[in-house]
Amino acid sequence: MDEIEPIKPKRRKPTLKYAMGAFYFLFIGFCAVGILLKWNELTRKEQYRYAYHEGTISTATLPYEGPSFLERLTNRYTRKAPPIKLPERNDRAGQRWQKFAAAPVPVPAGHDTVVIVIDDLGIVKDMTAEMIDMDVPMTLAFLPYASDVSPQANRAYNKGHDILVHIPMEPKSRLDPGPNALLSSTPVNVQMDSIHYNLSQFENYIGINNHMGSRFTEDSSAVNRLLGVVKDSELLVLDSKTTPNSVLESLADQNEIPVINRDVFLDNTEDEQYIMGQLARLERIAKQTGNGVAIGHPYPETVAALKKWLPTLADKGITVVPISQKVREKYAATLLAKNQ
């Protein structure tokens, strides 16, 4: 019997072999990108934007739209703004709020001024960073219970902004003002513990304003208790006016504490066009009275509106100034007498 020669398998040509290998790795790469994109969408849905201003939104579960994976991958997303001049603060000033106050801003002749206060900072880190990186002197109010609040407040301070402690206070609604809130119904020692806790979470601040507080700021005894600590600490007060019956401003005046109040809430409706309308209202107040004070929140719509609005102010004869500058002007005569 003739010996049968075994059939040898055909060898693949090297070109085909390399092409199949390249296709294999390309397929794996596409799968990996698909998984990352899906993961990005899932995690984006799990991020939340806090909506804590009183009387407008009862929950804190609005989706926060951060940069997508592709935006980060292609480096099209950037949070950096042009750097602003570092503050020249007056370390030899008489009171604490003056020592940590932002450097005064030159106001051109004929210009009116506005103060932009942003509340609820520290919780949503990306939006907090957006506000810190604004290239005008903002007034930034940090929630004392936010995680890593101290380094965030320090970065804002080093950027040249005025810093406030946004103290959580009891509202009339069922909204939760947060941990260690000042509640008028609690014993005096509990209130005092909460006051001292809130003032100890970060440094370099010049004053306080109220987070919610429609019930607390109507209670004269409770407010006087808070103001006693504020005065001893040499701080100023911003009354956010979450209720028309707030006694925070009037009692601060009676206690000879520097105080100012809010004129406009920018973003009770979180819509960019609405916010632009509120900024126009702020302009009218500034033109009528010489200065306007607005309070906003770290929402994407607020950031977008401010970035459109701020470059238009020079032509309108309006300058953004830190809150300490307006307080200093308001109390110039009193401060001069005390420092002599």
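Being a predicted model, the structure only gives us computed values, none of them experimental. Scope of the values below: all heavy atoms of this structure, side chains included, with no hydrogens, waters or symmetry mates.
A donor-acceptor contact shorter than 3.5 Å is absent between the side chain of Thr217 and the backbone of Leu248. Here the side chain of Gln201 pairs no donor or acceptor atom with the backbone of Tyr145 at under 3.5 angstrom. Between the side chain of Asn210 and the backbone N or O of Ser240 there is at least one donor-acceptor pair closer than 3.5 Å. The main-chain N or O of Asn180 is found under 3.5 Å from a side-chain atom of Asn198 such that the two form a donor-acceptor pair. Without hydrogens or angle criteria, Gln98 side chain to Gln95 main chain gives a donor-acceptor distance under 3.5 Å. Between the side chain of Lys287 and the backbone N or O of Ile318, no donor-acceptor pair lies under 3.5 Å. Under a 3.5 Å cut-off, the side chain of Gln152 and the backbone N or O of Ser147 do form a donor-acceptor pair. The backbone N or O of Asp126 lies less than 3.5 Å from no partner atom in the side chain of Glu130, so there is not a single donor-acceptor pair. Using modelled atom types, no side-chain atom of Thr269 and backbone atom of Asp271 make a donor-acceptor pair closer than 3.5 Å. In terms of modelled atom types and a separation under 3.5 Å, the side chain of Thr128 and the main chain of Gly122 share a donor-acceptor contact.
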message = Let's go through Val223 and Phe216 carefully: what are the C-alpha distance in whole Å and the side-chain angles of both, what is the deciding distance for side-chain contact (heavy atoms from CB on, under 4.5 Å) to 0.1 Å, and is it a yes or a no?
response = CA-CA 7 Å; Val223 169; Phe216 186 88; 4.3 Å; yes
Working for side chain to side chain donor-acceptor pair (under 3.5 Å), residues Asn224 and Asn255
CA-CA 9 Å; Asn224 268 322; Asn255 283 278; 3.3 Å; yes
Working note: Asp120 + His211, criterion side chain to side chain donor-acceptor pair (under 3.5 Å); need CA distance, chi angles, decisive distance, verdict.
CA-CA 8 Å; Asp120 295 358; His211 171 57; 3.2 Å; yes
Run the side-chain contact (heavy atoms from CB on, under 4.5 Å) test on Val293 and Val264 for me, step by step, so that the C-alpha distance in whole Å, both residues' side-chain angles and the decisive distance to 0.1 Å come before the verdict. CA-CA 6 Å; Val293 180; Val264 178; over 6 Å; no
Q) Checking side-chain contact (heavy atoms from CB on, under 4.5 Å) for the pair Thr113/Val107: CA distance, chi angles, key distance, verdict? A) CA-CA 8 Å; Thr113 58; Val107 180; 3.9 Å; yes
Q: Go through Leu175 and Met212 one step at a time and tell me if the side-chain contact (heavy atoms from CB on, under 4.5 Å) criterion holds.
A: CA-CA 9 Å; Leu175 288 173; Met212 301 190 186; 3.9 Å; yes
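None of Gln288, Lys316, Gln278 except one satisfies the side chain to side chain donor-acceptor pair (under 3.5 Å) rule with Glu283; the exception is Lys316. Just one residue in the list Arg225, Glu218, Glu170, Arg215 forms a side chain to side chain donor-acceptor pair (under 3.5 Å) with Ser184, and that residue is Glu170.
Between Glu272 and Lys308 there is a salt bridge, with a side-chain nitrogen of the basic residue lying less than 4.0 Å from a carboxylate oxygen of the acidic one. Of the charged side-chain nitrogens involved, at least one lies within less than 4.0 Å of a carboxylate oxygen, so that Asp133 and Arg155 count as a salt-bridged pair. Arg96 and Glu234 are not joined by a salt bridge, as no carboxylate oxygen comes within less than 4.0 angstrom of a charged side-chain nitrogen.
Using a 4.5 Å cut-off on side-chain heavy atoms (C-beta onward), Thr302 and Met127 make no contact. Put simply, the side chain of Leu251 reaches to within 4.5 Å of the side chain of Ser220, judged on heavy atoms. At least one side-chain heavy atom of Val115 sits less than 4.5 Å from a side-chain heavy atom of Val321. With a 4.5 Å cut-off on side-chain heavy atoms, Leu279 and Leu306 count as touching. Within the 4.5 Å cutoff, the side chain of Asp162 has no heavy atoms near those of the Phe100 side chain. You'll find the side chain of Ile132 stays beyond 4.5 Å of the side chain of Leu121, heavy atoms only. Between Pro144 and Val149 there is no side-chain heavy-atom pair separated by less than 4.5 Å. No side-chain heavy atom of Trp309 sits less than 4.5 Å from a side-chain heavy atom of Ile275.
The OH atom of Tyr331 lies 9.0 Å from the CH2 atom of Trp97; values are rounded to the nearest 0.5 Å. Interatomic distance, Ile323 CD1 to Leu238 CG, rounded to the nearest 0.5 Å: 4.5 Å. For the atom pair NZ (Lys307) and CE (Met134), the distance works out to 5.5 Å, reported to the nearest 0.5 Å. The distance from atom CG of Leu266 to atom OH of Tyr274, rounded to the nearest 0.5 Å, is 8.5 Å. Atom CG of Leu226 and atom OG of Ser221 lie 12.5 Å apart (nearest 0.5 Å). Interatomic distance, Glu301 CD to Gln273 CD, rounded to the nearest 0.5 Å: 11.5 Å.
Residues passing the salt bridge (charged side-chain N to carboxylate O under 4.0 Å, His left out) test with Asp239 are Lys241, sequence neighbours excluded. Residues passing the side-chain contact (heavy atoms from CB on, under 4.5 Å) test with Asn189 are Pro187, sequence neighbours excluded.
Closest approach of Ser214 and Thr242 over heavy atoms only: N-OG1, 3.5 Å. Across every non-hydrogen atom of Ala181 and Met169, the tightest pair is CB-N, 4.4 Å. The two residues Ile163 and Ala153 come nearest to each other via the heavy atoms CD1-O, 4.0 Å. Across all non-hydrogen atoms, the minimal contact from Pro168 to Pro177 is CB-O, 3.3 Å. Among all heavy-atom pairs drawn from Val136 and His161, the shortest one is O-CE1, 3.1 Å. Minimum heavy-atom separation, Val114 to Ala286: CG1-CB, 3.8 Å.
Note: His297 and Tyr299 have parallel aromatic rings, judged against thresholds of 30 and 60 degrees for the angle between ring planes.
A chain of hydrophobic side-chain contacts below 4.5 Å, direct or via other Ile, Leu, Val, Met, Phe, Trp or Tyr residues, connects Val247 to Ile195.
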